[in-house]
Chemist: 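Let me give you the structure first, and then I'll get to my questions.
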Amino acid sequence: MFGLEKPAGQQKPGRSGGLPKMASVGDFNVLSSSIPATKVELSVSCRNLLDRDTFSKSDPICVLYTQAIGNKEWREFGRTEVIDNTLNPDFVRKFIMDYFFEERENLRFDFYDVDSKSPNLSKHDFLGQMFCTLGEIVGSQGSRLEKPIVGIPGKKCGTVIVTAEELGCCRDSVLMQFCANKLDKKDFFGKSDPFLVFHRSNEDGSFTICHKTEVVKNTLNPVWQAFKISVRALCNGDYDRTIKVEVYDWDRDGSHDFIGEFTTSYRELSRGQSQFNVYEVINPKKKGKKKKYVNSGTVTLLSFLIETEVSFLDYIKGGTQINFTVAIDFTASNGNPSQPTSLHYMNPYQLNAYGMALRAVGEIIQDYDSDKMFPALGFGARLPPDGRVSHEFALNGNPQNPYCHGIDGVMEAYYKSLKSVQLYGPTNFAPVINHVARYAASVKDGSQYFVLLIITDGVISDMAQTKESIVNASKLPMSIIIVGVGPAEFDAMEELDGDVVRISSRGRFAERDIVQFVPFRDYIDRSGNHVLSMARLAKDVLAEIPEQFLSYMRVRGIKPSPAPPPYTPPIHVLQTQI
């Protein structure tokens with residue numbers, strides 16, 4: 001049948017960042033290997049499609065396209081089946097897509113009336129199309145998006161309903177424990193100090209490190225502590241994918257000695273403790289040299305327990321809203337906005353760095369906020385009419401209602417305020433952090449989460465107060481993203497980020513890490529492709545938000561609200577004329 005040539009679950013080439021070399025084993029950071037946050041399944045239904053057939057109704061098919069980030073080119077992702085003779089199809093074939101909160105995935109759904117078996121779409125009647133983002137579908141109430149079909153001037157083309165469902169295997173984690181027996185002795189004076197390194201295989205045959213156990217000192221029969229890992233990280237949800245486990249003897253200087261390796265799969269491991277899960281550790285070099293070589297010891301699986309985690313999408317589907325607030329630095333160090341050297345320069349042909357950072361982050365987050373109303377604040381300026389300095393003013397000039405409609409509204413208010421305020425100083429962050437914290441403190445039930453984006457050019461003036469504000473805010477449902485623009489040194493910002501050392505104030509440590517800092521200059525694309533710069537920036541600053549969000553919910557013991565009941569399409573009753 002036409003449309004079966006390309007499976008709808010077709011995936012993009014693997015995005016996994018490879019880490020095959022063992023030298024880097026000591027610096028391994030599990031978050032750096034980019035695996036999909038999860039996989040979602042999209043279901044498509046249409047109502048009241050155009051009727052292109054004379055004697056019967058249309059025979060519709062849906063074709064999904066995704067868009068490349070850099071060149072905006074649309075690529076076919078997959079096709080549903082054809083359903084004969086209906087204007088209200090509920091397509092059975094689903095599209096399975098990788099979902100990353102931090103990326104903007106543009107989608108286009110095209111609809112055709114199929115007139116022959118030809119796979120060439122130009123041979124069939126076009127019924128219209130719908131554009132959206134994956135985030136828009138996921139962020140809609142109940143992860144169900146309904147939009148009009150467009151594309152044929154002067155015609156009503158009907159509506160399309162797309163629902164997103166997170167695939168179950170992505171939420172599972174496993175708790176595993178291993179021990180080993182009679183491992184090779186590698187140390188001259190004592191026994192070995194063994195540890196295990198787990199790798200998942202990628203589509204191209206390479207391996208990516210996904211877990212490293214602790215080192216058990218001075219033994220050839222170690223028992224490692226149980227560890228927890230997501231099924232996604234272990235095998236990307238593919239139960240038969242090869243998992244390679246290497247056994248090393250730890251050395252202080254980092255030149256760990258290779259003892260041997262074995263391979264397994266999630267499916268094998270899931271049998272639990274049994275004779276199937278005792279593995280011979282083989283050192284290929286030794287095996288090649290020694291005829292009598294048997295093995296370099298054995299590794300045994302002691303326990304295997306599957307746990308299903310609640311995910312970020314469970315909360316979004318249950319109705320949790322993400323509220324986005326932006327705060328922009330209006331200090332004099334940015335330079336006179338009318339000069340091209342200024343970071344606030346309003347170039348009619350391209351966005352300045354503030355505009356780029358604002359759009360890059362805002363356009364993704366806005367999909368998760370149903371009313372699309374965003375408070376936009378400024379700090380470090382003198383305000384008309386009396387020239388008082390403010391570190392917390394509304395960009396739209398209305399302190400009672402600082403909300404702007406959509407990211408376009410925020411941009412408009414930003415440009416407008418540049419013309420009316422005087423850039424001044426100092427650079428104080430605490431007032432805008434406390435502004436958002438006041439709102440976050442009033443809704444701690446998990447129904448809302450707040451993200452504050454601060455865009456700044458410089459060195460912070462109220463470090464002590466800002467640290468105090470962040471420590472207080474770490475107990476609240478909020479995250480802070482700081483983007484540094486311009487050439488300044490941002491050393492102090494790294495301290496606020498808290499990735500290396502948890503931030504503290506007057507002896508109190510932050511309850512969780514809620515700040516992510518990045519310098520914008522690290523993302524400027526040398527070829528001048530701003531779309532790419534913005535996509536890279538968004539990816540890095542937003543990647544931590546789902547985990548920060550979940551850490552708040554876990555600490556507070558907040559479970560996701562049940563999702564609204566699934567949509568059941570109305571049954572069309574044919575009324576016969578008597």
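Here, residue 1 is the first one in the sequence, and each next residue gets the next number. Values reported hereafter were calculated over all heavy atoms of this structure, with side chains retained and with hydrogens, waters and symmetry mates removed.
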Chemist: Just checking, Lys539 and Phe100: is the charged tip under 6.0 Å from the six-membered ring centre and within 45° of the axis?
Modeler: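 Relative to the ring axis of Phe100, which defines the angle, Lys539 lies inside both limits.
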Chemist: Does any non-hydrogen side-chain atom of Gln516 lie less than 4.5 Å from one of Ile480?
Modeler: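 Not in contact.
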Chemist: Is it the case that the side chains of Ser479 and Gln548 hold a donor-acceptor pair, with the cut-off being a distance below 3.5 Å and no angle test?
Modeler: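 Present: a donor and an acceptor within the cut-off.
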Chemist: For residues 323-330, which side-chain N or O atoms pair as donor and acceptor with protein atoms under 3.5 Å away, sequence neighbours left out?
Modeler:
unit_1: Asn323; atom_1: ND2; unit_2: Gln448; atom_2: OE1; d: 2.5
unit_1: Asp329; atom_1: OD1; unit_2: Thr331; atom_2: N; d: 2.8
unit_1: Asp329; atom_1: OD1; unit_2: Thr331; atom_2: OG1; d: 2.5
unit_1: Asp329; atom_1: OD1; unit_2: Asn334; atom_2: ND2; d: 3.3
unit_1: Asp329; atom_1: OD2; unit_2: Thr456; atom_2: OG1; d: 2.7
unit_1: Asp329; atom_1: OD2; unit_2: Asp457; atom_2: N; d: 3.3

Chemist: Spell out, as yes or no, whether a donor-acceptor pair under 3.5 Å connects the side chain of Arg241 to the backbone of Ser201.
Modeler: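 Such a contact is found between Arg241 side chain and Ser201 backbone.
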Chemist: For a quick check under 3.5 Å, do Glu468 and Ser505 share a side-chain donor-acceptor pair by atom type?
Modeler: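 Looking only at side-chain atoms, Ser505 and Glu468 do form a donor-acceptor pair, the distance falling under 3.5 Å.
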Chemist: Verify the ring-centre separation between Tyr315 and Tyr449: is it less than 6.0 angstrom?
Modeler: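 That pair fails the under 6.0 Å test.
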Chemist: Quick one, Ile137 and Cys132 - any side-chain contact, counting heavy atoms below 4.5 Å?
Modeler: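 Touching, per the 4.5 Å side-chain cut-off.
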Chemist: Atom CZ in Phe198, atom CD1 in Ile229: separation rounded to 0.5 Å?
Modeler: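 Result: 8.0 Å between the selected atoms.
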Chemist: Is there a donor-acceptor contact under 3.5 Å linking the side chains of Tyr414 and Asn396?
Modeler: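 Side chains of Tyr414 and Asn396: no pair found under 3.5 Å.
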Chemist: Quick one: closest heavy-atom pair of Leu42 and Ala164, and the distance?
Modeler: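 The answer is CD2-CB, 3.7 Å.
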Chemist: Regarding Ser43 and Lys94, is there a side-chain donor-to-acceptor distance under 3.5 Å anywhere?
Modeler: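 Yes - a donor-acceptor pair under 3.5 Å links their side chains.
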Chemist: Check the angle between the aromatic planes of Tyr266 and Phe304 and answer parallel, tilted or perpendicular using the 30° and 60° thresholds.
Modeler: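 It falls in the perpendicular class, over 60°.
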Chemist: Is the ring pair His211/Phe227 parallel, tilted or perpendicular, if the boundaries are 30 and 60 degrees?
Modeler: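 Geometry flag for Phe227 against His211: parallel rings.
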Chemist: Is any side-chain heavy atom of Val451 less than 4.5 Å from a side-chain heavy atom of Met478?
Modeler: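 Not touching, per the 4.5 Å side-chain cut-off.
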Chemist: Is the backbone of Ala381 close enough, under 3.5 Å, to the side chain of Gln422 for a donor and an acceptor to pair up by distance?
Modeler: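 Such a contact is absent between Gln422 side chain and Ala381 backbone.
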Chemist: Please check if any side-chain donor atom of Glu105 sits under 3.5 Å from a side-chain acceptor atom of Thr133, or the reverse.
Modeler: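 Short answer, no.
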Chemist: Do Val197 and Tyr248 come close enough that some side-chain heavy atom pair is under 4.5 Å?
Modeler: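 Val197 vs Tyr248: side chains touch.
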Chemist: Using modelled atom types and a 3.5 Å cut-off, is there a donor and acceptor pairing between side-chain atoms of Trp224 and backbone atoms of Glu214?
Modeler: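 Confirmed, Trp224 side chain pairs with Glu214 backbone.
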Chemist: Might you work through the salt bridge (Lys or Arg N to Asp or Glu O under 4.0 Å) test for Lys39 and Glu41, ending with a clear yes or no?
Modeler: CA-CA 7 Å; Lys39 286 186 189 305; Glu41 181 181 75; over 6 Å; no
Chemist: Can you name the one residue among Lys475, Arg502, Arg556, Arg554 that meets salt bridge (Lys or Arg N to Asp or Glu O under 4.0 Å) with Glu511?
Modeler: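 Among Lys475, Arg502, Arg556, Arg554, the one that satisfies the salt bridge (Lys or Arg N to Asp or Glu O under 4.0 Å) with Glu511 is Arg556.
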Chemist: Using 30° and 60° as the class limits, which term best fits the ring planes of Phe490 and Phe517: parallel, tilted or perpendicular?
Modeler: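 The arrangement is tilted - the two ring planes meet at 30° to 60°.
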Chemist: Roughly how far, to the nearest 0.5 Å, is the CG atom of Asn428 from the OG atom of Ser469?
Modeler: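 One gets 10.0 Å once the value is rounded to the nearest 0.5 Å.
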Chemist: Measure the shortest side-chain to side-chain distance between Phe379 and Ile454 over non-hydrogen atoms and say whether it is less than 4.5 angstrom.
Modeler: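 They are in side-chain contact.
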Chemist: Tyr523 and Asp540: side-chain donor and acceptor closer than 3.5 Å?
Modeler: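 Their side chains do contain a donor-acceptor pair, which is all the 3.5 Å distance test asks for.
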Chemist: Does the side chain of Phe429 come within less than 4.5 Å of Gln465's, by heavy atoms?
Modeler: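 No; the side chains remain at least 4.5 Å from each other.
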Chemist: With rounding to the nearest 0.5 Å, note down the distance linking OH in Tyr239 to CG in Asp172.
Modeler: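 CG of Asp172 is found 5.5 Å from OH of Tyr239.
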Chemist: Quick check: does any side chain N or O of Arg200 sit under 3.5 Å from a backbone N or O of Ile209, one acting as donor and the other as acceptor?
Modeler: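 No; zero donor-acceptor contacts below 3.5 Å.
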